[in-house]
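Only this structure's heavy atoms are used, side chains among them; waters, hydrogens and symmetry mates stay out. Everything numeric here is computed off the predicted structure, so don't read it as measured data.
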Amino acid sequence: MASLTALKTRMTEIVAPAVTGAGYDLEDLAVTRVGRRLLVRITVDGDNGVNLDTVAELSRLISDGLDAHEAELGSEPYTLEVSSPGVDRQLTTARHWRRSVGRLVKTASAGTGRVVSVADEVVTLDVDGTEKQLTVAELGPGRIQVEFTRVNEAFPDEDDIDDEDFEDDDNEDVEEDQK
């Protein structure tokens, strides 16, 4: 039985090409022991995010890759979990910041601001109406702030929809039939 550190290193060597070959980034791979089984948690992301179908596809690719190397990894049973990073993950690389353009973020060095753009390793933040340009290193880790008030920007044509558009004409027939 190999050490968990050695197992993680070898699994990363096997999994990374499969994930990047599918057009995604391997954000993290963690191996822990849970009872008599191993728990392999893999976090993946892409420029357009990751949906459930993608997670299922990547899970199959990763599982096939690990199973193909069973002889060198050992036959110890494992549980594989593949997921996206989620909104609460830290923004630590330029690609994390690039994927957060338009989002409100909080940093220790610049405070809270909206990511305007990212070029190379330079992030432009709008902090209270003032644009600040800082490198990823100067910013340090950032966190996306969940916003509930930006619905109008997410659905710009919302004003064009009338409540009447959502009324169900069939409901009126049902109510009349019940009288």
Exercise for review: Test N51 against every option in T54, D53, N48 by the side-chain hydrogen bond (donor to acceptor under 3.5 Å, both in side chains) rule and name the one that passes.
Suggested key: T54

**Study point:** Heavy atoms of other groups near R103 CZ, more than 12 under 6.0 Å
**Key:** no

Review point. V40, V55: one ILVMFWY side-chain cluster at the under-4.5 Å cut-off?
Key: yes

Review point. Between V136 and T93, is a side-chain contact (heavy atoms from CB on, under 4.5 Å) present by the stated rule, with each step listed?
Key: CA-CA 7 Å; V136 171; T93 68; 5.7 Å; no

Exercise for review: Determine the minimum heavy-atom distance between G142 and T107, stating which atoms define it.
Suggested key: CA-CG2, 4.1 Å

Practice item. Please list, chain by chain and in numerical order, all residues satisfying side chain to side chain contact (heavy atoms under 4.5 Å, CB included) with A18, sequence neighbours excluded. Key: none

Practice item. Apply side-chain hydrogen bond (donor to acceptor under 3.5 Å, both in side chains) to E131 and list each qualifying residue two or more places apart in sequence or on a separate chain. Key: none

Review point. Are V105 and V116 connected, step by step, through hydrophobic side chains (Ile, Leu, Val, Met, Phe, Trp, Tyr) whose heavy atoms are closer than 4.5 Å?
Key: no

Exercise for review: First locate atom CD1 of I42, then atom CD1 of I62, and finally report the distance between them rounded to the nearest 0.5 Å.
Suggested key: 4.0 Å

Review point. About how many Å separate CG of L139 and CD of Q133, when rounded to the nearest 0.5 Å?
Key: 11.0 Å

Check your understanding: Does a side-chain N-to-carboxylate-O contact under 4.0 Å join E138 and K132?
Key -> no

Practice item. For the residue pair L4 and L38, establish whether any side-chain heavy-atom pair is separated by less than 4.5 Å. Key: yes

Point to revise | ILVMFWY network linking I14 to L39, side-chain heavy atoms under 4.5 angstrom | key: no

Point to revise | Heavy-atom check, side chain of V101 versus side chain of V118, under 4.5 Å | key: yes

Review point. Mind checking whether L91 and V146 sit in one hydrophobic cluster, side chains of I, L, V, M, F, W, Y counted as touching below 4.5 Å?
Key: yes

Review point. Hey, are the side chains of R41 and D28 touching, using non-hydrogen atoms and a 4.5 Å cut-off?
Key: no

**Study point:** Validation row: H69, E13 side chains within 4.5 angstrom (heavy atoms)
**Key:** no

Point to revise | Expected output: side-chain E72 to main-chain E70 donor-acceptor under 3.5 Å | key: no

Revision key, fill the gap. Of all heavy-atom pairs linking V127 and T112, the shortest is CG1-O, 3.6 Å

Check your understanding: To the nearest 0.5 Å, what is the distance between NE2 (H96) and CZ (R89)?
Key -> 4.0 Å

Review point. When hydrophobic residues are tied together by side-chain contacts of less than 4.5 Å, even through go-betweens, does M11 share a cluster with L26?
Key: yes

Review point. Between R99 and D25, is any pair of side-chain heavy atoms under 4.5 Å apart?
Key: yes

Review point. What's the spacing between T79 OG1 and R37 CZ if we round to 0.5 Å?
Key: 4.0 Å

Check your understanding: So, for D45 and P85, which heavy atoms are closest and what is the spacing to 0.1 Å?
Key -> OD2-CG, 3.7 Å

Review point. Under a 4.5 Å cut-off applied to non-hydrogen side-chain atoms, are L73 and Y78 in contact?
Key: no

Study note, to complete from the structure: For P141 and T92, the nearest pair of non-hydrogen atoms, with its separation, is CB-CG2, 4.2 Å

Review point. Can you find a pair of side-chain heavy atoms, one from L125 and one from V115, that are under 4.5 Å apart?
Key: yes

Exercise for review: Count the heavy atoms of every other residue, nucleotide or ligand shown that sit under 6.0 Å from CG of D47, and state whether that count exceeds 12.
Suggested key: yes

Review point. Are the side chains of T9 and T12 in touch, meaning some heavy atoms are under 4.5 Å apart?
Key: no

Exercise for review: Measure the spacing between CD of E121 and CZ of R98 and express it to the nearest 0.5 Å.
Suggested key: 10.5 Å

Review point. Which distance, rounded to the nearest 0.5 Å, do you find between the CH2 of W97 and the CG of L134?
Key: 9.0 Å

**Study point:** Where I144 and S100 come nearest, the two heavy atoms and their spacing
**Key:** CD1-OG, 3.7 Å

